[in-house]
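Computed over heavy atoms, backbone and side chain alike; hydrogens, waters and symmetry mates excluded.
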Amino acid sequence: MPGHLSTHVLDTAAGRPAAGIAYRLYAIEGEGRQLMAEGRTNADGRAPVPLLTPATIRSGPYSLEYDVAAYHRATGVPVSDPPFLDVVTLRFNVTALDQHYHVPLLLSPYGYTTYRGS
């Protein structure tokens, strides 16, 4: 499906999808930002619907935030106070409106990795 954005979160420390992580997607507009989508990952660690669709996608910078400390606390993982990772923020750019942008997040309590997926 061209012209959309999806995300998927995997808990690499536990070896499973990260279900129930709250996320928010913002379009960056100068010094401000506009909330475009929000929700929680499903049992497979995925956003249940595309965060951007052909009707809402536009070129420019975006910020995708994940509430990772709350997720770790909810799954019983010991988290320091304050947590080392609280909210993971990924800032990226959309340049081609006819492409699928997929943003995976590979997560542990003390680190994360991301890349442009397919």
Side-chain angles (χ1 to χ4, degrees):
M1 176 189 324
H4 74 286
L5 171 73
S6 58
T7 191
H8 186 196
V9 185
L10 298 172
D11 184 335
T12 58
R16 65 177 178 238
I21 288 190
Y23 60 83
R24 291 165 302 285
L25 175 70
Y26 296 95
I28 306 299
E29 300 172 347
E31 296 298 317
R33 58 191 195 159
Q34 177 186 359
L35 181 65
M36 301 297 292
E38 64 183 325
R40 289 190 177 272
T41 56
N42 62 19
D44 194 35
R46 297 177 184 276
V49 298
L51 283 69
L52 295 173
T53 66
T56 60
I57 196 168
R58 67 162 182 79
S59 295
Y62 289 87
S63 177
L64 185 52
E65 299 178 353
Y66 303 87
D67 293 338
V68 299
Y71 163 77
H72 288 304
R73 285 187 191 103
T75 59
V77 173
V79 177
S80 60
D81 187 20
F84 178 70
L85 293 176
D86 188 3
V87 176
V88 169
T89 302
L90 305 177
R91 188 154 171 178
F92 59 94
N93 289 288
V94 167
T95 56
L97 301 182
D98 62 343
Q99 294 184 10
H100 173 197
Y101 288 83
H102 182 66
V103 181
L105 180 66
L106 308 177
L107 178 65
S108 78
Y110 294 97
Y112 64 90
T113 301
T114 191
Y115 56 93
R116 181 174 172 189
S118 59

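Side-chain contact of His100 with Ser6: a donor-acceptor pair under 3.5 Å is present, judged by distance alone.
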- Message: Assess the residue pair Leu25 and Leu5 against the criterion (side chain to side chain contact (heavy atoms under 4.5 Å, CB included)); give the C-alpha distance rounded to whole Å, side-chain angles, the decisive distance to 0.1 Å, and a yes or no.
- Response: CA-CA 10 Å; Leu25 175 70; Leu5 171 73; 3.6 Å; yes
- Using the side chain to side chain contact (heavy atoms under 4.5 Å, CB included) rule, take Ser108 and Thr12 through it: C-alpha gap first, then chi angles, then the decisive distance, then the call. CA-CA 6 Å; Ser108 78; Thr12 58; 3.9 Å; yes
- Message: Apply side chain to side chain contact (heavy atoms under 4.5 Å, CB included) to residues Ile28 and Arg91 and explain how you reach the verdict.
- Response: CA-CA 9 Å; Ile28 306 299; Arg91 188 154 171 178; 3.3 Å; yes
- Message: side chain to side chain contact (heavy atoms under 4.5 Å, CB included) for Tyr23 and Leu105? Distances and angles first, verdict last.
- Response: CA-CA 11 Å; Tyr23 60 83; Leu105 180 66; over 6 Å; no
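Side-chain atoms of Asp44 and Arg16, non-hydrogen and from C-beta on, never get closer than 4.5 Å to each other. Using a 4.5 Å heavy-atom threshold, the side chains of His102 and Arg116 count as separate. Between Met36 and Leu52 the shortest side-chain heavy-atom distance falls below 4.5 Å. The side-chain heavy atoms of Val68 and Phe84, taken from C-beta on, include no pair separated by under 4.5 Å. Residues Leu97 and Ser59 are in side-chain contact: their nearest non-hydrogen atoms beyond the backbone lie under 4.5 Å apart.
When all heavy atoms of Tyr101 and Thr95 are compared, the pair lying nearest together is OH-N, 3.0 Å. Here the closest heavy-atom approach between residue Ala13 and residue Pro109 is recorded as CB-CD, 3.9 Å. Taking each heavy atom of Ala14 and Asp11 in turn, the nearest pair found is N-OD1, 3.0 Å.
Judged as a side chain to side chain contact (heavy atoms under 4.5 Å, CB included), and not counting sequence neighbours, the contacts of Glu65 are Arg24, Tyr26, Arg33, Ser63, Val87, Thr89. In this structure Tyr62 satisfies the side-chain hydrogen bond (donor to acceptor under 3.5 Å, both in side chains) test with no other residue, sequence neighbours excluded. Listed by chain and residue number, nothing satisfies the side chain to side chain contact (heavy atoms under 4.5 Å, CB included) test with Ala74 (two or more places apart in sequence, or in another chain). Applying the side chain to side chain contact (heavy atoms under 4.5 Å, CB included) rule to Pro83 yields the partners Ala69, Arg73, Val79, Asp86; only residues at least two apart in sequence or on another chain are considered. Checked against side chain to side chain contact (heavy atoms under 4.5 Å, CB included), Thr7 has the following partners two or more places apart in sequence or in another chain: Ala47, Leu51, Leu64, Tyr66, Val103.
Checked by atom type and distance alone, the side chain of Asn42 pairs as donor or acceptor with a backbone atom of Arg46 at under 3.5 Å.
Through direct or relayed side-chain contacts under 4.5 Å between Ile, Leu, Val, Met, Phe, Trp and Tyr, Leu10 connects to Leu106, Tyr115.
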